[in-house]
2 protein chains.
Amino acid sequence: MPTITEEVRRAPRRDAAANREALLAAASATLNEHPDAGLEAIAAAAGLSRRAVYGHFAGRDELIAALIDSGAVRLNDIAANVDHPDTPTAIALLGARLWHAVEHVQLLAAMAVREPHVDLVAGALAPVRERLAALVERGIADHGIRSDMPAETLARLIERAAIAVLHEASVARLTDAEGHRLVMLSVLGTAGLGWQEAGALIATAPELAFPPAPADPAASEGARA
Amino acid sequence: MPTITEEVRRAPRRDAAANREALLAAASATLNEHPDAGLEAIAAAAGLSRRAVYGHFAGRDELIAALIDSGAVRLNDIAANVDHPDTPTAIALLGARLWHAVEHVQLLAAMAVREPHVDLVAGALAPVRERLAALVERGIADHGIRSDMPAETLARLIERAAIAVLHEASVARLTDAEGHRLVMLSVLGTAGLGWQEAGALIATAPELAFPPAPADPAASEGARA
DNA sequence: GATAACTTGCACACACGTGTGCAAGTTCGT
DNA sequence: ACGAACTTGCACACGTGTGTGCAAGTTATC
């Protein structure tokens with residue numbers, strides 16, 4: 001006997017939850033290609049009718065909101081677990097780790113420019129931005145990175161440098177390894193390092209190697225197969 | 001007696017041309033703030049009614065097309081007249097000169113992402129891009145800039161680095177002088193120069209000083225007041 | 001001041017996206 | 001297999017933007 005007050009309520013069907021996920025996935029995929037695709041297109045990509053969407057979300061805005069902060073949670077989580085005593089390495093590492101979540105970053109980056117969602121994305125991504133800002137300030141203080149412009153400015157330029165690689169990846173069909181390397185080069189260059197300096201850093205620091213080690217502090221020994 | 005075949009055609013009124021210009025200016029201003037503003041808003045900003053727009057342009061698309069390639073002509077012209085034996089200096093100079101046409105760049109940059117106009121902008125801006133690409137290739141060949149990535153990739157990253165400063169200017173309210181300096185730093189950093197190297201270059205090369213000398217080959221002696 | 005050029009304001013028609021209601025399915029869970 | 005959960009397809013209302021036609025106004029130019 002269920003604990004519901006009046007009637008016997010059957011448990012919700014499992015495929016409903018699956019469809020909800022399918023919708024989110026389809027929305028992510030569709031909006032990445034056509035940032036202002038309609039619900040019709042999204043629903044179709046999920047194999048559902050437009051009408052069915054309203055069975056899972058109150059409307060377009062709620063769908064997108066769910067999408068945005070599911071992505072943001074993932075990115076914020078990554079950013080929180082990135083650090084390294086050498087600040088340039090830490091910044092490159094942050095870029096590289098975020099690179100692994102390309103799909104999310106891509107969507108967030110696209111939504112961050114779309115008028116109705118700017119504030120939402122900005123709010124959801126605040127933690128990542130603060131992490132980067134902290135690293136930049138530290139880098140300026142310990143002379144690890146350039147000190148010829150305000151920290152906030154530099155942080156924003158670095159962010160954009162990373163996103164630039166994202167776009168480059170779409171047009172140039174970069175592999176994961178190439179993207180991984182390119183974000184770091186782009187980010188480090190913006191941070192003030194000369195290209196050979198950046199190259200040497202990447203080649204030297206084992207944390208920046210391509211098949212990246214996991215961030216979990218407890219999983220450091222059981223990661224490699 | 002006019003040379004028109006049949007009837008006596010009076011010359012078009014002069015204020016019509018003025019209104020056309022006003023529309024273009026208003027469109028430029030309005031679309032910079034709200035990239036998907038309607039004709040209503042644009043016409044209002046020009047002091048005209050929406051209906052009057054159709055007296056000057058066949059429709060929204062033609063208005064925007066006119067806007068885009070008027071801007072593109074300006075930028076292409078700038079790019080064509082930029083050169084310098086030292087490639088990093090040439091690249092910085094290109095960035096700085098384009099910085100002076102911020103309003104145009106800003107609009108073009110915004111339109112370059114808007115779905116209906118991507119191809120148009122890309123086509124109109126091809127000359128600037130080719131100029132940059134040529135400089136980048138030359139820079140790689142003469143070891144003036146980084147050689148750790150394909151020239152096309154580097155060119156695109158540099159382009160985005162410049163546009164990043166543009167956006168930074170909107171949020172941080174940069175002065176012209178600050179923007180001028182920041183584009184060069186951003187562009188040179190992406191090109192592979194270390195920040196102190198870039199700073200030294202900017203401080204040294206007289207062409208890169210803030211009140212920039214005009215590009216005209218004939219006006220080189222009469223520029224300073 | 002006559003006249004053509006230009007603008008205005010209204011009326012439409014049209015397209016497209018969102019959100020809702022409802023009757024008729026289909027499908028999962030028990 | 002029964003019933004509820006879920007989906008579908010249609011209808012509609014609503015909002016917003018575009019493009020057009022037309023009569024009546026205003027303004028520059030001859």
Side-chain angles (χ1 to χ4, degrees), chain A residues 1-27 30-31 33-67 111 114-117 120, chain B residues 1-27 30-31 33-67 111 114-117 120:
Chain A
M1 184 213 299
T3 55
I4 308 294
T5 345
E6 295 257 0
E7 310 268 340
V8 175
R9 303 278 258 244
R10 184 179 295 185
R13 279 165 49 173
R14 244 191 337 279
D15 63 326
N19 280 341
R20 195 192 141 97
E21 293 310 308
L23 274 173
L24 285 170
T30 308
L31 293 175
E33 292 195 351
H34 311 288
D36 22 50
L39 278 187
E40 186 79 51
I42 295 177
L48 293 180
S49 67
R50 182 176 74 92
R51 191 61 185 80
V53 176
Y54 294 93
H56 299 278
F57 302 93
R60 180 175 225 272
D61 288 357
E62 196 182 278
L63 205 191
I64 293 192
L67 213 52
M111 290 329 226
R114 255 40 192 195
E115 247 320 321
H117 312 294
L120 187 53
Chain B
M1 182 213 299
T3 56
I4 307 294
T5 345
E6 294 258 1
E7 309 269 341
V8 176
R9 303 280 256 243
R10 184 180 294 183
R13 280 164 48 171
R14 241 189 344 277
D15 62 328
N19 280 341
R20 197 192 140 96
E21 293 311 308
L23 274 172
L24 285 170
T30 308
L31 293 176
E33 292 196 349
H34 311 288
D36 20 51
L39 279 187
E40 187 78 51
I42 296 177
L48 293 181
S49 68
R50 181 177 74 91
R51 191 61 185 81
V53 176
Y54 294 93
H56 298 278
F57 302 94
R60 179 176 227 272
D61 289 357
E62 196 183 278
L63 205 190
I64 294 191
L67 212 52
M111 291 328 226
R114 255 40 191 194
E115 246 322 319
H117 313 293
L120 186 53

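Numbers restart at 1 for each chain; the letters A, B, ... are given by sequence-line order, proteins then strands. Only heavy atoms go into these numbers, but all of them, side chains included; no hydrogens, no water, no symmetry mates.
One finds no side-chain N or O of His56(B) lying less than 4.0 angstrom from the OP1 or OP2 phosphate oxygen of dC6(C). Phosphate contact (OP1/OP2 of dT7(C), side-chain N/O of Asn19(B), threshold under 4.0 Å): present.
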Detail all sub-3.5 Å separations between protein N/O atoms and N/O atoms belonging to nucleotides 18-22 of chain D.
unit_1	atom_1	unit_2	atom_2	d
dT18(D)	OP1	Leu39(B)	N	3.2
dT18(D)	OP1	Arg60(B)	NE	2.7
dT18(D)	OP2	Leu39(B)	N	3.1
dG19(D)	OP2	Tyr54(B)	OH	3.2
dG19(D)	OP2	Arg60(B)	N	3.0
dG19(D)	N7	Arg50(B)	NH1	3.0
dG19(D)	O6	Arg50(B)	NH2	3.1
dG21(D)	N7	Arg51(B)	NH2	3.0
dG21(D)	O6	Arg51(B)	NE	2.7
dC22(D)	N4	Arg51(B)	NH2	3.4

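Rounded to whole Å, atom P of dT7(D) lies 12 Å from atom CZ of Arg20(A). Between Asp36(A) atom CG and dG17(D) atom P the separation is 14 Å, expressed in whole Å. Atoms NE2 (His34(B)) and P (dT16(D)) sit 16 Å apart, rounded to a whole Å. Atom P of nucleotide dG19(C) and atom CD of Glu62(A) are separated by 10 Å, given to the nearest angstrom. Between the CD atom of Glu115(A) and the C1' atom of dG17(C) there is a distance of 18 Å, rounded to whole Å. The distance from atom CG of Leu63(A) to atom P of dG17(C) is 16 Å, rounded to the nearest whole Å.
Minimum interatomic distance between Ala46(A) and Ala22(A) (heavy atoms only, all atoms of both residues): CB-O, 3.8 Å. Closest approach of Ala66(B) and Phe57(B) over heavy atoms only: CB-CE2, 4.1 Å. The two residues His56(A) and Ala16(A) come nearest to each other via the heavy atoms CE1-O, 3.2 Å.
The structure places CD1 of Ile42(A) at 4.0 Å from CG of Leu31(A), a figure rounded to the nearest 0.5 Å. The structure places CZ of Arg13(A) at 9.0 Å from CG of Asn19(A), a figure rounded to the nearest 0.5 Å. From Met111(B), atom CE reaches atom CG of Leu67(B) across 7.0 Å, with rounding to the nearest 0.5 Å. Taking CG from Asp36(B) and OG1 from Thr30(B), the interatomic distance works out to 12.0 Å, rounded to the nearest 0.5 Å. With values rounded to the nearest 0.5 angstrom, Leu23(A) atom CG is found 6.0 Å from Leu63(A) atom CG. Between the CD atom of Glu62(B) and the CZ atom of Arg60(B) there is a distance of 13.5 Å, given to the nearest 0.5 Å.
For Arg14(A), the listed nucleotide lying nearest its side chain is dG29(C); candidates were dG29(C), dC6(C), dT8(D).
In terms of polar N and O atoms assigned as donor or acceptor, the side chain of Arg13(A) comes within less than 3.5 Å of the base of dA5(D) in a complementary pairing.
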Nucleotide-level pairing of DNA chain C, given in dot-bracket where Watson-Crick and G-U pairs need both distances under 3.5 Å and | marks other strands: ||||||.|||.||||||||||||.||||||

